[in-house]
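The structure appears below as structure tokens.
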Amino acid sequence: MDLSMPGSLYQSIAVRLEAEVCTITMNQGASGNTITRVLIDEIGHALQACETSARIVVLEGTPEVFCSGADFQGIARNRALGGALADHVPDAMYEVWRRLACGPFISVAHVRGKATAGGIGFVAACDIVLAEEKAMFSLSEMLFGLTPACVMPFLMRRIGLARANYLTLGTQAIGARVAEQWGLVDAVEEHSDNLLRKQLLRLKRLSKAAIVRHKQYTNGLDESFARAKPAALRTNVEAFSDPQNLAHIERYVATGRFPWEAGA
């Protein structure tokens, strides 16, 4: 299995393959594991390789942050250079989430720390979600005039429209235990590394053929991801192209002030 990027090394993730279990670790914790073109391209490359060589894919972040969503720093930087959406990759991001949901492997999200905004998309797309007790989950997009358009189809599959709307409109974080009650998380323990180890012991008993057959069958039962994609991408691009939203993002990056807060 070749998990090296052509001509270069992975920059934003670490990948380990052992006994047909591929662990993909987002390891840019200092920047919050934000969603950049590099991150999406690298995870997409790794998942493509996993389709033939892995039975289980574990996606995790650092102990402090799983993924904090859109790269506001990058958006502000690109705006200053005249390219507001130069590093904005909703189509590729949606396809990575679709591959996690529908690919011929069992996808496991291992969440420690915070999963925010687009980070919830990675969580909701996975077949199984395991969380550390201190993990927190939130959709904060609406605070900046944005909307989690691409996240919603995956999140609604997990927790339904009402809960997805509550997370979106409420913008408040929920803890791992509440997320478990809602169905966003499947299991929680204080030490999630041990939880993951126990889960993998059972999952590794399943054959690749059985996994593929099951995923193909369940994918055929629900074609909502394909149906929702055009509207999700259109809404996402509209929100991230809105000059007022971009101004809010730029001000937040420069001053740390939210849109409703006064001051320059």
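Distance check, rounded to the nearest 0.5 Å: CD of Q28 to OG1 of T34 gives 8.0 Å. Taking CG of L39 as the reference point, atom SG of C67 lies at 6.5 Å (rounded to 0.5 Å). We find the CD-SG distance between Q216 and C102 to be 11.0 Å, quoted to the nearest 0.5 Å. Rounding to the nearest 0.5 Å gives a distance of 11.0 Å between CZ of R158 and CD1 of I120. Here H248 contributes atom NE2 and L246 contributes atom CG; the two are 10.0 Å apart, rounded to the nearest 0.5 Å. Taking CG of N27 as the start and OG of S12 as the end, the distance is 7.0 Å to the nearest 0.5 Å.
Among pairs with a residue in residues 208-227, those fulfilling ring-ring contact (aromatic ring centres under 6.0 Å, His included) read F154-F225, at least two apart in sequence or across chains. Pairs passing the side chain to side chain donor-acceptor pair (under 3.5 Å) check and including a residue from residues 59-69, sequence neighbours excluded, read T25-E60, E60-H110. For residues 113-150, every residue pair satisfying the ring-ring contact (aromatic ring centres under 6.0 Å, His included) rule, not counting sequence neighbours, is listed here: F72-F144, W97-F122, F144-Y252, F144-F258. Screening residues 207-227 for salt bridge (Lys or Arg N to Asp or Glu O under 4.0 Å), with sequence neighbours left out, gives D127-K215. The side chain to side chain donor-acceptor pair (under 3.5 Å) pairs that include a residue from residues 144-155 number zero, where partners must be two or more places apart or lie in different chains.
Under the side chain to side chain contact (heavy atoms under 4.5 Å, CB included) criterion, A92 pairs with I40, V89, sequence neighbours left out. Judged as a salt bridge (charged side-chain N to carboxylate O under 4.0 Å, His left out), and not counting sequence neighbours, the contacts of K134 are E132. Applying the salt bridge (charged side-chain N to carboxylate O under 4.0 Å, His left out) criterion to D91, with sequence neighbours excluded, gives K229. Every side-chain hydrogen bond (donor to acceptor under 3.5 Å, both in side chains) that R177 has, sequence neighbours left out, goes to E133, E180. When the salt bridge (charged side-chain N to carboxylate O under 4.0 Å, His left out) test is applied to R98, the partners found at least two apart in sequence or on another chain are E95.
Contact between A117 and L139 at its shortest, heavy atoms only, is O-CD2, 3.6 Å. Summarising the geometry of A228 relative to P153, their closest heavy-atom pair is CB-CG, 3.6 Å, with the distance given to 0.1 Å. When all heavy atoms of T168 and T171 are compared, the pair lying nearest together is O-CG2, 3.3 Å. When all heavy atoms of N245 and A239 are compared, the pair lying nearest together is ND2-O, 2.9 Å. Among all heavy-atom pairs drawn from A101 and N219, the shortest one is O-OD1, 4.0 Å. The minimum heavy-atom distance between R112 and S192, with the atom names listed, is CG-OG, 3.5 Å.
Cluster partners of L161, by chain and number: M152, M156. The rule joins Ile, Leu, Val, Met, Phe, Trp and Tyr whenever side-chain heavy atoms lie under 4.5 Å apart. The hydrophobic cluster around I106 extends to V21, I56, V58, V108, I128, L130, L195, L196, L200, L203, L206, I211, counting ILVMFWY residues whose side-chain heavy atoms fall within less than 4.5 Å of a member.
Contact annotation: the side chain of Q181 never approaches that of R163 to less than 4.5 Å [non-hydrogen atoms, C-beta and beyond]. Proximity of F240 to E141: side-chain heavy atoms (C-beta onward) are nowhere separated by under 4.5 Å. Between M93 and C150 there is a side-chain heavy-atom pair separated by less than 4.5 Å. At a threshold of 4.5 Å between non-hydrogen side-chain atoms, the residues K198 and N194 count as touching. At a threshold of 4.5 Å between non-hydrogen side-chain atoms, the residues C22 and V15 count as touching.
At a threshold of 4.5 Å between side-chain heavy atoms, the hydrophobic network of Ile, Leu, Val, Met, Phe, Trp and Tyr places M136 and W182 in two separate groups. Note: the hydrophobic cluster containing I13 also contains L100 (ILVMFWY, side chain heavy atoms under 4.5 Å, direct or indirect links). By the criterion of side-chain heavy atoms lying less than 4.5 angstrom apart, applied directly or through intervening Ile, Leu, Val, Met, Phe, Trp or Tyr residues, L167 is grouped together with I35 in one hydrophobic cluster. Hydrophobic clustering, with ILVMFWY side chains joined whenever heavy atoms are under 4.5 angstrom apart, keeps L143 apart from L169.
With V123 as the partner, the side-chain contact (heavy atoms from CB on, under 4.5 Å) test is satisfied by one option alone out of L59, L155, L184: L184.
Checked by atom type and distance alone, the side chain of N33 pairs as donor or acceptor with a backbone atom of F66 at under 3.5 Å. In this structure a side-chain-to-backbone donor-acceptor pair under 3.5 Å is missing from D71 to T36. The backbone N or O of M26 lies less than 3.5 Å from no partner atom in the side chain of E42, so there is not a single donor-acceptor pair. For the pair R55 (side chain) and K204 (backbone), a donor-acceptor distance under 3.5 Å is present.
At most 12 non-hydrogen atoms from other residues, nucleotides or ligands lie less than 6.0 angstrom from CD of Q244. With a 6.0 Å radius and a threshold of 12 heavy atoms from other residues, nucleotides or ligands, Q172 has its CD atom at or below the threshold.
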